[in-house]
Number of protein chains: 2
Amino acid sequence: MEDRHRSGCPINLTLEVLGDRWSLIVIRDIMFGNRRHYRELLGRSHERIASNILSDRLKRLMDAGLLTRRDDPSHQQKAIYSLTEAAIQLLPLLVHMGAWGRRHRPVTPELAIRARLLEEGGPPLWEAFMDELRSLHLGAPVKGPSVLAGLQAAYEKVAAEQGIPTL
Amino acid sequence: MEDRHRSGCPINLTLEVLGDRWSLIVIRDIMFGNRRHYRELLGRSHERIASNILSDRLKRLMDAGLLTRRDDPSHQQKAIYSLTEAAIQLLPLLVHMGAWGRRHRPVTPELAIRARLLEEGGPPLWEAFMDELRSLHLGAPVKGPSVLAGLQAAYEKVAAEQGIPTL
DNA sequence: CAATCCGATTGCGTATTGCAATCAGTTGCC
DNA sequence: GGCAACTGATTGCAATACGCAATCGGATTG
């Protein structure tokens, strides 16, 4: 991206990569929504990212070493985007953002269910989730039950109880 | 700021407040640099924020309930900016950002000293620091020795050993 | 062979950013 | 008193980024 940095401060350097309104949304959708294709990222979020912005962010995140792109073997023209280890290690950051937002912003309760569960699970749950992400994105061996599926099931349970349409 | 949100997702709502290149830099400088005046924030950082951007960010952060502004009793035209409880609770997020940047970005070693100490200190140190911030910014009673001074001393010690100019 | 889906790209108007200069009022100093 | 320095900003302007809609060439599906 840039060779010239504003400063070598760790927080500043992190903001140079993630300090905009879309980069972390894209990573969130890949990480928690398991969205691996361009069209999935484009259409299925509440936030409705524009296609040119998505394209630009995918490029930037690849340049920054947070995403990789490979061809989908099942479809000649599909691409699969995967998280790198660096991106997987953003999980605690995203959990903290969710936790802070839950406390200090006007969140929609059903959209905060996953954030609450991840917060309550604490570092042990995060580690299990990160291991699962490594198996999904880096081809690492599967180590345990699916945290992702567990979060989704918990969400659907609460959603069903409250008559909320599943995303 | 905006009444219309892109979505009620906790991560998205957090990004609507903090998802730009300067907001967290301002909070970082107030929090870790104890910079409470406009001119201090304007001039003493490595990143050199422009005065109009700083002015705009201070306004937005006040609107978002992360900062308060009051008159400086010692100087008729000076203002003192303080963190709110919501902003103080961003500390773990900032520590995680620093930790991630330290591992995955080309940080300047001496600028990473505080980040390393806060990371190593873990939640107990963060709690102590947050208590100190509450006494500095919210007028809460002082509870223990100054974490801020400790970080600064540790930084100056390493800096002196390596002949690095103190900020 | 037509409709649909694929990952983008283009055009265009608006909003945000970066940079430098400037402002009016206050303070410190001699 | 007088003046330089300092206070928290504001203004003007150019460059960049964003948001939105339309579109693209190629591949797949029915």
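Quick note on labels: first sequence line is chain A, next is B, and so on, each numbered from 1.
- Going from atom CG of D72(A) over to atom P of dC6(C) covers 11 Å, rounded to whole Å.
- Separating the CD1 atom of I53(A) from the P atom of dA22(D) is a distance of 17 Å, rounded to the nearest angstrom.
- Proximity of R21(A) to the phosphate of dT16(C): no side-chain N or O atom is located under 4.0 Å from OP1 or OP2.
- Taking the six-membered ring where the residue is Trp, H96(B) and H96(A) present tilted rings, their angle falling between 30° and 60°.
- A straight line from CD1 of I49(A) to P of dC20(D) spans 11 Å, rounded to a whole angstrom.
- Looking at which nucleotide of DNA chain D each of Q76(A) and D56(A) is closest to, the 5′-most match is held by D56(A).
- Between the P atom of dC20(D) and the CZ atom of R6(B) lies a distance of 10 Å, rounded to the nearest Å.
- Taking 4.0 Å as the cut-off between side-chain N and carboxylate O, E40(B) and R36(B) do not count as a salt-bridged pair.
- Here R48(B) does not reach the OP1 or OP2 of dG18(C): none of its side-chain N or O atoms lies under 4.0 Å away.
- Checking dC19(C), dA17(D), dT28(D) against every side-chain atom of R57(A), the shortest atom distance belongs to dA17(D).
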*So D20(A) and R57(A), side chain to side chain contact (heavy atoms under 4.5 Å, CB included) or not? Walk me through it.*
CA-CA 10 Å; D20(A) 72 271; R57(A) 286 306 177 280; 3.0 Å; yes
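- Remark: P of dG18(C) and CD of E47(B) are 12 Å apart, rounded to the nearest angstrom.
- Listed nucleotides: dT7(D), dG8(D), dT16(C). Nearest to the side chain of A79(B): dG8(D).
- Of the side-chain N and O atoms in S51(A), none sit less than 4.0 angstrom from OP1 or OP2 of dT9(C).
- Between K59(A) and dT9(C) there is a side-chain N or O to OP1 or OP2 distance below 4.0 Å.
- Proximity of S55(A) to the phosphate of dG7(C): no side-chain N or O atom is located under 4.0 Å from OP1 or OP2.
- Using a 4.0 Å cut-off, some side-chain N or O of W22(B) falls inside it from OP1 or OP2 of dG18(C).
- Rounded to whole Å, atom C1' of dC12(C) lies 11 Å from atom CG of N52(A).
- Computed from coordinates, the Y38(A) OH to dA27(D) C1' distance equals 17 Å when rounded to whole Å.
- The base of dG25(C) sits within donor-acceptor range of the side chain of Q77(B), with an N or O pair under 3.5 Å.
- Rounded to a whole Å, the NE2 atom of H37(B) is 13 Å from the P atom of dT27(C).
- Under the 6.0 Å distance and 45° angle rule, R48(A) does not count as a cation-pi partner of W22(A).
- Remark: R134(B) engages D131(B) in a salt bridge, criterion side-chain N to carboxylate O under 4.0 Å.
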